[in-house]
Amino acid sequence: MGASNFIKNIVAEDVQTGVVSTVITRFPPEPNGYLHIGHAKSICLNFELATEFDGKTNLRFDDTNPLKENEEYVQSIKEDVKWLGFDWDNLCFASDYFPEMYQRACILIKKGKAYVCDLSAEQIREKRGTLTEPGQESPYRNRSVEENLGLFERMRKGEFVDGAKVLRAKIDMNSPNLNLRDPVLYRIAHAPHHRTGTTWCIYPMYDYAHPLEDAIEGVTHSICTLEFEDHRSLYDWMVRECEMDNTPHQYEFARLNMTNTVMSKRKLKKLVDEKIVDGWDDPRMPTISGLRRKGYTPEAIRTFAREIGVAKSNSKVDERLLEHFVREDLKLKAPRTMAILRPLRVVLTNYPVGQTEWLDAENNSENPEMGNRRIPFSREIYIEQDDFMENPPPKYFRLFPGNEVRLKHAYFIRCEEIVRDANGFVVELRCTYDPETKSGSGFTARKVKGTIHWIDATHALQAEFRLFEPLVNNAEDEVEDHFLTHINPRSMEVLHGYVEENVRNAHAYAKFQFFRHGYFSVDPKLSSDDQLVFNRAVSLKSSFSI
RNA sequence: UGGGGAGUAGCCAAGUGGUAAGGCAACGGACUUUGACUCCGUCAUUCGAAGGUUCGAUCCCUUCCUCCCCAGCCA
């Protein structure tokens, strides 16, 4: 299991001392957007924590706000959690607890701990005070229990319009913790709920609902993010005053931030709504579905989540760490194959016209179990435009006039002549090959500095390649609401080139390491039998730059 | 300047009274039919700062500095 962290230490302590017999955690998303890599951190934390202590984890939809939630999000969240590799013990919905929540609110009212308030939202805000000034009590604060009960009942029955009344906790308008200044427990919203329909027109607020949800499910360790730290006393107040049988405890950790990534659901939704991206699963999105489509694996994301640790200091993780784990995971899994992203035709002038030979190629030199394949070789091939320079800088090991390189799995070739178009652009190279140098023949008389990849022109399969760069360039915090104006206009590059014929029937999400390029994955939406489309999940590292 | 939190390397992050783990990044070098991988090496005399306690402090105490969160009928 992963390294120690302060929450795991707390759980271990609770288990050891017998404070808790069965560890129960939960992942409680609101179905108002798609899950992203930040959620993955929380999902892994909750599920793996429970697993480590033989406990249970619930997937619970915190669906208390019908205005923002819908079924599409519920489905996507379930799919993403499963894809990450986790099975929940119970599938729960906060909305299933609405009846009990209502009853518990009545308990609060009967104890004089809650009251119906007629103040408008603006008036409540004005009377809440400020960070340095105390709040003022609502004139409705001292209504009788009977009156409150009656009013609350009428709220539930739909006798009042939205905003006319709320149920508030009666705590302390002088508290230095603003959350304790008579927080709203229930608001009226005549809005259909994706699961309860029109059964309810009053909906519980987070601060009221969440602790009850946890208590109802017997959650022992309720893990949330830092911004809820000063809600914890409220959380404990609810559990206590609502007389819940179980006593869950809340622990807070720092949410994940990553370089060059927007991570708020609000912003991600904006990217989708404004059609800046192709949808929630656009490969440039940090959503689980986006990363999946780009070619990331659950294993890589899980390892990442474990390795970044869990702490309470705000931090921003280098995106390259995630990429590292993607490469590490795919290294032994993805077969190697050759793809030419920017083709340059090469004619081997001394190779027999019309001849094709089949060469042996290992599918993954680091994983011999992946076996071998045969690849065609003939007089005309494509190489990468970047692998030729007419006037190369020092230490350029690739092809240039007069220079010899190895074609991976094939022969040495030497550049003899450059063919240009009317504009002077290089459109073709005429090279010679040396039959003595065939790969696997044991030829050692000469060495070359460079090995390049290639594809036989008569067998090449056309394909599309999509390369991605960050949608935003760092500084999410600075640009805040104007982040849309900082979108990287070159976040996606679409190229057309060739792949080896033998990947013809690659299925959606099939992954390959294109030699010297990186790891690519077949796009599930755009790829077809006629036109293969590959997304680059991550490039190979390179210590070379021109 | 109310309340709640956090400050350990470029980025994450263990350690919490006995003399600074690990990963990523970076930089050297070896190897190489991927400028990849792998391997070897370098990378905090110091833990936000200053005092204090102690034989000994990242850890305990005091003061200070910096950053984050809270004034939704969002979660």
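The sequence lines fix the lettering, A, B, ..., with proteins before strands; numbering per chain opens at 1. Computed from a predicted model, the values in this text were never measured in an experiment.
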Quiz prompt | Separation between the P atoms of B:C27 and B:A50, rounded to whole Å | solution = 32 Å

Exercise. Compare side-chain N and O positions of A:T64 against OP1 and OP2 of B:A75 and report whether any pair is under 4.0 Å apart.
Key: yes

Practice problem: Determine the contact category for A:K395: base if any of its heavy atoms lies under 4.0 Å from a base atom, sugar-phosphate if only primed atoms, P, OP1 or OP2 are that close, otherwise nothing. | Solution: base

Exercise. Output yes when a side-chain donor or acceptor of A:T303 lies under 3.5 Å from a complementary backbone atom of A:I301, and no otherwise.
Key: no

Quiz prompt | Any A:S365 side-chain nitrogen or oxygen under 4.0 Å from OP1 or OP2 of B:C37 | solution = no

Quiz prompt | Closest to side chain of A:R128, choosing from B:G72, B:G15, B:A25 | solution = B:G72

Practice problem: Check every atom of B:G4, B:A25, B:C74 against the side chain of A:E229 and return the nucleotide holding the closest atom. | Solution: B:G4

Quiz prompt | A:S315 side-chain N/O to B:A13 phosphate OP1/OP2 under 4.0 Å | solution = yes

Quiz item: With both distances under 3.5 Å as the test, what is the Watson-Crick or G-U wobble partner of B:G2?
Solution: B:C70

Practice problem: Kindly point out which of B:A13, B:A75, B:U1 is positioned nearest to the side chain of A:T132? | Solution: B:U1

Quiz item: How would you label the contact of A:L119 with the nucleic acid (heavy atoms, under 4.0 Å): base, sugar-phosphate, or nothing?
Solution: base

Quiz item: Which part of the nucleic acid, if any, lies within contact of A:A311, taking any heavy atom under 4.0 Å across all strands shown: a base, the sugar-phosphate backbone alone, or nothing?
Solution: sugar-phosphate

Practice problem: Starting at atom CG of A:N257, determine the distance to atom P of B:A6, rounded to an integer number of angstrom. | Solution: 17 Å

Self-check item: Closest nucleotide among B:U33, B:G35, B:C73 to the A:T451 side chain
Solution: B:U33

Self-check item: Electrostatic pair A:R232-A:D236, nearest N-O below 4.0 angstrom
Solution: no

Quiz item: What nucleic acid atoms does A:F228 come within less than 4.0 Å of, heavy atoms only: base, sugar-phosphate, or nothing?
Solution: base

Exercise. Mind checking A:Q513 for me? I need base, sugar-phosphate or nothing, with any heavy atom below 4.0 Å counting as a touch.
Key: base

Practice problem: For A:S175 and A:D172, indicate whether the former's side chain and the latter's backbone hold a donor-acceptor pair under 3.5 Å. | Solution: no

Quiz prompt | B:C73 OP1/OP2 closer than 4.0 Å to side-chain N/O of A:R125 | solution = no

Quiz prompt | Between B:C37 (C1') and A:N367 (CG): distance, integer Å | solution = 13 Å

Exercise. Have a look at A:S542 and say if it touches a base, only the backbone sugar-phosphate, or nothing, with a 4.0 Å heavy-atom cut-off.
Key: sugar-phosphate

Quiz item: Which value, in whole Å, describes the distance between the C1' atoms of nucleotides B:A57 and B:U8?
Solution: 14 Å

Quiz item: What nucleotide, of B:G35, B:C69, B:C37, holds the atom closest to the side chain of A:K331?
Solution: B:C37

Exercise. Check if the side chain of A:R398 and the base of B:G35 share a donor-acceptor pair of N or O atoms closer than 3.5 Å.
Key: yes

Exercise. Answer yes or no: side-chain N or O of A:E366 and base N or O of B:U38 forming a donor-acceptor pair under 3.5 Å.
Key: no

Exercise. On RNA chain B, check which nucleotide each of A:R187 and A:S441 is closest to and give me the residue with the more 5' one.
Key: A:S441

Self-check item: B:C24 to B:U33 separation - P atoms, rounded to the nearest Å
Solution: 25 Å

Quiz prompt | Span that lies between the C1' atom of B:G22 and that of B:G56, in whole angstrom | solution = 27 Å

Quiz prompt | Along RNA chain B (nearest heavy atom to each residue), the more 5'-positioned of A:A254 and A:K68 | solution = A:A254

Quiz prompt | Sugar-phosphate only, base, or nothing, as touched by A:V310 at under 4.0 Å among non-hydrogen atoms | solution = sugar-phosphate

Quiz item: Does a nitrogen or oxygen in the side chain of A:N9 sit under 4.0 Å from OP1 or OP2 of B:G15?
Solution: yes

Quiz item: Considering only heavy atoms and no angle criterion, is a donor-acceptor pair shorter than 3.5 Å present between the side chain of A:D230 and the base of B:G3?
Solution: yes

Exercise. Considering non-hydrogen atoms only, spot the tightest contact between A:N148 and A:R143 and give its length.
Key: OD1-O, 3.3 Å

Practice problem: Output the single nucleotide from B:A75, B:C70, B:G35 whose closest atom is nearest the side chain of A:L131. | Solution: B:C70

Quiz item: Whom does B:C24 pair with, Watson-Crick or G-U wobble, provided both distances fall under 3.5 Å?
Solution: B:G10

Quiz item: In terms of base orientation, is B:G28 syn or anti, with the syn window spanning 90° either side of 0?
Solution: anti

Quiz item: Say you pick atom C1' in B:C47 and the same atom in B:U58; how far apart are they, in whole Å?
Solution: 4 Å

Exercise. Determine the interatomic distance between P on B:A26 and the same-named atom on B:C65; round to the nearest Å.
Key: 38 Å

Exercise. Would you classify A:H517 as touching base, sugar-phosphate or nothing, given that sugar-phosphate means primed atoms plus P, OP1 and OP2, and contacts are heavy atoms under 4.0 Å?
Key: nothing

Quiz item: Rounding to a whole Å, what distance do you find between A:Y115:OH and B:C73:P?
Solution: 12 Å

Quiz item: Reckon A:G440 touches a base, only the sugar-phosphate, or nothing at all at heavy-atom distances under 4.0 Å?
Solution: base

Quiz item: Across the strands shown, which category fits A:H231 at heavy-atom distances under 4.0 angstrom: base, sugar-phosphate, nothing?
Solution: base

Quiz item: Under 4.0 angstrom, heavy atoms only, what part of the nucleic acid is A:S120 near: base, sugar-phosphate, or nothing?
Solution: base

Self-check item: Side-chain-base donor-acceptor pair under 3.5 Å for A:S439 and B:U33
Solution: yes

Quiz item: Which one is paired to B:C55, where only Watson-Crick or G-U wobble pairs with both distances under 3.5 angstrom count?
Solution: B:G18

Quiz item: So what does A:I124 hit on the nucleic acid, given a heavy-atom distance under 4.0 Å: a base, only sugar-phosphate, or nothing?
Solution: base

Quiz item: So does A:S313 get a side-chain nitrogen or oxygen closer than 4.0 Å to the phosphate oxygens (OP1/OP2) of B:C67?
Solution: no

Exercise. Answer yes or no: does a side-chain N or O of A:K541 lie under 4.0 Å from OP1 or OP2 of B:A25?
Key: yes

Quiz item: Using atom C1' of each nucleotide, how far apart are B:A36 and B:C31 to the nearest Å?
Solution: 13 Å

Exercise. Salt-bridge test for A:E30 and A:K68: reply yes if a basic N is under 4.0 Å from a carboxylate O, no otherwise.
Key: no

Quiz item: How would you label the contact of A:L540 with the nucleic acid (heavy atoms, under 4.0 Å): base, sugar-phosphate, or nothing?
Solution: base

Quiz item: A:H324 has a side chain; which of B:C70, B:C24, B:G35 sits nearest to it?
Solution: B:C24

Quiz item: Heavy atoms under 4.0 Å, any strand shown: does A:Y396 hit a base, just sugar-phosphate, or nothing?
Solution: base

Quiz item: Relative to A:F160, does A:K165 satisfy both conditions: NZ or CZ under 6.0 angstrom from the six-membered ring centre, and within 45 degrees of the ring's axis?
Solution: yes

Self-check item: Charged tip of A:R195 within 45° of A:F93 ring normal and under 6.0 Å
Solution: yes

Practice problem: Measure up the A:F152 and A:Y102 rings against each other and bin them: parallel (under 30°), tilted (30 to 60°), perpendicular (over 60°). | Solution: parallel

Practice problem: Choose from B:G35, B:A75, B:C24 the nucleotide whose nearest atom is closest to any side-chain atom of A:R320. | Solution: B:C24

Practice problem: Both distances under 3.5 Å, Watson-Crick or G-U wobble: report the partner of B:U38, or none. | Solution: B:A30

Exercise. Output yes when a side-chain donor or acceptor of A:N177 lies under 3.5 Å from a complementary backbone atom of A:N179, and no otherwise.
Key: yes

Self-check item: A:E436 atom CD: more than 12 heavy-atom contacts under 6.0 Å
Solution: no

Quiz item: Considering only B:G3, B:U34, B:G23, which nucleotide approaches the side chain of A:F325 most closely?
Solution: B:G23

Quiz item: The side chain of A:R336 lies closest to which of these nucleotides: B:U34, B:C70, B:C37?
Solution: B:U34

Quiz item: Are the ring of A:Y206 and the six-membered base ring of B:A75 within the stacking cut-offs of under 5.5 Å and under 30°?
Solution: no

Exercise. Please state the P separation for the pair B:A44 and B:U38 - nearest whole angstrom.
Key: 23 Å

Self-check item: A:D360 bridged to A:R373 by N-O distance under 4.0 Å
Solution: no

